[in-house]
Amino acid sequence: MFLGKVIGNLVASRKHEDLQGVKLLIIQPLNHRRLPVGPAIVAVDSLRAGPGELVFLEDGREASFTLPNTFVPVDAAVVGIVDQIDVTDGKGYNKNQES
Amino acid sequence: MFLGKVIGNLVASRKHEDLQGVKLLIIQPLNHRRLPVGPAIVAVDSLRAGPGELVFLEDGREASFTLPNTFVPVDAAVVGIVDQIDVTDGKGYNKNQES
Amino acid sequence: MFLGKVIGNLVASRKHEDLQGVKLLIIQPLNHRRLPVGPAIVAVDSLRAGPGELVFLEDGREASFTLPNTFVPVDAAVVGIVDQIDVTDGKGYNKNQES
Amino acid sequence: MFLGKVIGNLVASRKHEDLQGVKLLIIQPLNHRRLPVGPAIVAVDSLRAGPGELVFLEDGREASFTLPNTFVPVDAAVVGIVDQIDVTDGKGYNKNQES
Amino acid sequence: MFLGKVIGNLVASRKHEDLQGVKLLIIQPLNHRRLPVGPAIVAVDSLRAGPGELVFLEDGREASFTLPNTFVPVDAAVVGIVDQIDVTDGKGYNKNQES
């Protein structure tokens, strides 16, 4: 899995039928120092992550396991919203202490 | 999933039998600012996306879930056509306002 | 899927038993302008693609769907031989007009 | 699989239900000389790897095979803690001789 | 699949139980000219490849198909030992003519 920040959302009326009603977010992948890594991706979200939130994501076949129907053509999903990160090589992250 | 633009199509008469009748597009992957990211790929499309359209795609095992036969050797599929993107860090996208 | 050119083949007498009799090609991945992208890979081929031919490939679990036995440890397969590519941003490709 | 070093951990109270009680580590991927390769990732761990330990990881569908429930949306897992590495092209690694 | 050279091995006493007795190699991925591509990886081997041998590997879900138990958390496996490579764009490889 990898860290990411919610930077937007995507609306599509013409889409695969199994994606009807599925929330689609634009996510910027981040490293553990919360610096951007590569291009933004599109991920499904069933945790109601909000703009700017630090989340972690899963990509691959298992992403659909976060949805009611697991035979859906999705390959990236928000699987958790980060409260805290402790790292041995620098400053960590605490959601409540972010300004 | 990731964003992409339809930039062409591919014709192949000799192909795996499960790909008979499946539409094959050339897609340029894009980031959320719609700048190219990496090389163009080949993806199946069952949504009838047209040239120049902004779509989002799925790659991996699940791509075949967009086809009638899901045990087909494909690994990338158009899963939606983008109407609108809202991002917190810049200009979004609205299909109807594109010129 | 992605484009590639057949640049060689590989012979291996000691190999996983499910690969006995399976043709193995060396493929150079290409972008839609047919320029090389990354290192060459090894792919199975059941379409009898020849040296220099432009093909498209699938990588991942589904690659084995091109073989009689689908529980085989392969992850890349030629799934079609390209006849024609039309692109909106440049010169396309037509197999019969190649010199 | 690939080598990595445990550099931290991640706490998330809002997460996919199947991740309840699953330990989440921040891992820096390393090459065989133990130099960093790419950004840190988030992986599940059922081997109780500690901070600074050299481990090897699996990413992909199989990562969930390390958990009691294998239909869980995770895609990276610690699968072993390295005792020793012997390489033909340089200095290896021995856990007991690290200072 | 991709080419690689066996450059070492890895010993781990604490590992996922399904990896007990499974041989773990350190492999340097190579291109078709046998130049290194990216960082070394860890792969399972049931073909008894030796140090310095040129092999080809599979990565992904199918890697476990090379093991007696196929529900094992591994994602890379040696699937063959290369005897010969013929390429149209340069010098090939013949195991018996290597000095």
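In what follows, every chain begins at residue 1, and chains take the letters A, B, ... in the order their sequences are listed. What you are looking at is a predicted structure, and each value in this text was computed from that prediction instead of being measured.
Here C:V79 is the residue among C:V87, C:V79, C:V55, C:V82 with the most heavy-atom pairs under 4.5 Å with chain B. Across B:G8, B:A12, B:P73, B:P39, the residue that shares the most heavy-atom pairs under 4.5 angstrom with chain C is B:P73.
For C:V37, the part lying under 4.5 angstrom from a heavy atom of chain B is the side chain only. Residue contact with chain C, scored on non-hydrogen atoms closer than 4.5 Å, involves the side chain of B:L24 exclusively.
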Between chain C and chain B, which N or O donor and acceptor atoms come closer than 3.5 Å?
from	atom 1	to	atom 2	distance (Å)
C:M1	N	B:V42	O	2.8
C:M1	N	B:D75	OD1	2.6
C:M1	O	B:V42	N	2.8
C:L47	O	B:R14	NH2	2.9
C:R48	O	B:R14	NH2	3.2
C:D59	N	B:D75	OD2	2.8
C:E62	OE2	B:R61	N	2.9
C:V79	O	B:H16	N	2.8
C:I81	N	B:R14	O	2.8
C:D83	N	B:V11	O	2.8
C:D83	OD2	B:S13	N	2.6
C:D83	OD2	B:S13	OG	2.6
C:Q84	N	B:V11	O	3.1
C:Q84	O	B:V11	N	2.8
C:D86	N	B:N9	O	3.0
C:D86	O	B:N9	N	2.9
C:T88	N	B:I7	O	2.7
C:T88	OG1	B:I7	O	3.3

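For the atom pair CZ of C:F56 and CD1 of B:I41, the computed distance is 12.5 Å after rounding to the nearest 0.5 Å.
Under the side chain to side chain contact (heavy atoms under 4.5 Å, CB included) rule, B:V42 has a single partner from C:L3, C:L57, C:I85, which is C:L3.
No side-chain heavy atom of B:L10 sits under 4.5 Å from any side-chain heavy atom of C:M1.
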